[in-house]
S.K.: 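First, the structure itself, so that you have it in front of you.
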2 protein chains.
Amino acid sequence: MLENDKITLAIVDDHPVVIEGLQKLLENKEVIRIAGSFTSGNGFLGFLRSNRVDIVLLDITLPDANGLDLCKEIKQLSPSTCVLALSNHSERSIIMQMLQNGASGYLLKNASGEELMNCINEALSGQVTFSREVKEIIARPGVSELKQLPQLTRREKEILHLISDGKTTAGIAEELSLSPLTVETHRRNLLQKFEVKNVAALIKMAAQQGLL
Amino acid sequence: MLENDKITLAIVDDHPVVIEGLQKLLENKEVIRIAGSFTSGNGFLGFLRSNRVDIVLLDITLPDANGLDLCKEIKQLSPSTCVLALSNHSERSIIMQMLQNGASGYLLKNASGEELMNCINEALSGQVTFSREVKEIIARPGVSELKQLPQLTRREKEILHLISDGKTTAGIAEELSLSPLTVETHRRNLLQKFEVKNVAALIKMAAQQGLL
DNA sequence: TTTCATCTACCGGTTTTCCGGTATATTCGC
DNA sequence: GCGAATATACCGGAAAACCGGTAGATGAAA
């Protein structure tokens, strides 16, 4: 196979041992060319600016940045590059955040070589992919995610949205053709229902419950 | 196979035609028993209160509630029940929200019968599962998700967090042993960097960027 | 060493939010 | 038809946020 037809793969991991292990695992694959290995986020970003990379195996823990932000930067710089997170972090929130930031998949480091190859292929075909353990983590949401949100009336939801858009009570009142005093009342009811004492905490809760 | 050993499955969809189609597709499966079909969320919730359901195929569009909230309620009522979303909605945000609310998987309605069976099995084994098209949607995040967030200093991130916890300027100042006036300044810088005019909009943006 | 970013701190004033109440009209389910 | 929930509206006062400035201290990079 011509060198140029091979899949170009990069590795970013602060642990040199891990890099070596991955290289050993991948170097005998016909279709893959390891374009580079990096122990820092900035090192890789520099490389990416002048080289094509089809897929990158990215650790979360890095010396100069965190993998979450780095993933986002990679996708901005080169949207066609697949980011496959490869990490020890098994927190559901981190996995979801990684997806939100544009990752094509997530593997825990205990995944087998076979699993890794499967995931690489699936990611390159444009689909998200996870190692088995990660699939189980995602399917098992914590209690906090499911905690009941106060039930809001239609008007309250409406006003909540407008508040989150940065509108003031007066502005909302005008937009809805209501008395500012009425909007005030709804606002207060929102604070009560969420058991918070100002809009900052209100919006945070609402956002975490996916209400915005 | 004994009736009691079969997997109990329920269908919730406001479209009777879809229910019939799914029933036809599943009725000849040895391992599955269709425990009930419902066209409303409340109908199913009532059933779930007194019957075991291993897995439910859940539509998003429902007459009396939306599938997102319903999914959350189902998982609260019966955490062991797998929820497989089966919908026409192909928006990434809805898929992610559904996962956040405890779904074990997501299929678009154009998925094949074979895909459906695979997903049911994978979900029952405790792993998340998606139809092929959904995997592609997840792997393709929108530009909005990746838009660059303002570069925040350590102090600013710290204060942003405290604000989102509902703390006041005075409270934050005390907690960090700073002058309230200093905290004020940081707060103003945050509003400027995010180009918003109050904390409500600030927290919304920060939450959407996963900063909280 | 100089420059740049950040952190710190202050003044004075305006706007908005927050909180303690109270109260009537409407709408929806039983 | 009758509650219960919801939506509407008001008062007054205290607290907090927001805004437009300015400016010294610190620390790291060039």
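The basis for the numbers below is simple: all heavy atoms, side chains too, and nothing from hydrogens, waters or symmetry mates.
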S.K.: So, is B/Thr182 close to the C/dA9 phosphate, meaning a side-chain N or O under 4.0 Å from OP1 or OP2?
M.R.: yes
S.K.: Within the pair A/Thr169 and C/dT16, is there a side-chain N or O less than 4.0 Å away from OP1 or OP2?
M.R.: no
S.K.: Both A/Gln192 and A/Thr168 contact DNA chain C. Which one's nearest nucleotide lies toward the 5' end?
M.R.: A/Thr168
S.K.: If I take atom CZ in residue B/Arg187 and atom P in nucleotide D/dA16, what distance separates them, rounded to the nearest angstrom?
M.R.: 11 Å
S.K.: Rounded to whole Å, please give me the gap between CG in B/Leu176 and C1' in C/dA9.
M.R.: 15 Å
S.K.: Measuring to OP1 and OP2 of C/dT6, would you say a side-chain N or O of B/Arg154 lies under 4.0 angstrom away?
M.R.: no
S.K.: Rounded to the nearest angstrom, tell me the gap between atom CG in B/Leu181 and atom P in C/dC11.
M.R.: 7 Å
S.K.: About how many Å separate NZ of A/Lys6 and CD1 of A/Ile34, when rounded to the nearest 0.5 Å?
M.R.: 10.0 Å
S.K.: What is the distance, to the nearest angstrom, from the CG atom on A/Asn198 to the C1' atom on D/dA15?
M.R.: 12 Å
S.K.: Please check if the number of heavy atoms outside B/Gln76 that lie under 6.0 Å from its CD is greater than 12.
M.R.: yes
S.K.: What is the distance, rounded to the nearest whole Å, between atom NE2 of B/His186 and atom P of C/dC7?
M.R.: 6 Å
S.K.: Would you indicate which nucleotide in C/dA9, D/dA9, D/dA17 comes nearest to any side-chain atom of B/Ser179?
M.R.: C/dA9
S.K.: Here's a test of your reading of the structure: between B/Val199 and B/Arg188, which maps to the more 5' nucleotide of DNA chain D?
M.R.: B/Val199
S.K.: So if I take every side-chain heavy atom of B/Arg155 and compare against D/dT8, C/dC7, D/dA17, which nucleotide ends up nearest?
M.R.: C/dC7
S.K.: Does a side chain donor of either B/Thr61 or B/His89 reach within less than 3.5 Å of an acceptor in the other side chain?
M.R.: yes
S.K.: Looking for any heavy atom pair under 4.0 Å, which part of the strands does A/Glu184 touch: base, sugar-phosphate only, or nothing?
M.R.: base
S.K.: Does atom CD of A/Glu174 have more than 12 heavy-atom neighbours from other groups under 6.0 Å away?
M.R.: no
S.K.: Once you round it to whole Å, what is the distance between P of D/dT22 and CG of B/Asn189?
M.R.: 15 Å
S.K.: Does OP1 or OP2 of C/dC7 have a side-chain N or O of B/Thr153 closer than 4.0 Å?
M.R.: yes
S.K.: So which nucleotide from C/dC19, D/dC11, D/dT6 ends up closest to the side chain of A/Gln151?
M.R.: D/dT6
S.K.: Could you tell me the separation between the CG atom of B/Leu178 and the C1' atom of C/dC7, rounded to a whole number of Å?
M.R.: 9 Å
S.K.: Between atom CG in B/Leu152 and atom C1' in C/dT6, what is the gap in whole Å?
M.R.: 13 Å
S.K.: What residue among A/Thr81, A/Leu70, A/Val83 forms side-chain contact (heavy atoms from CB on, under 4.5 Å) with A/Lys75?
M.R.: A/Val83
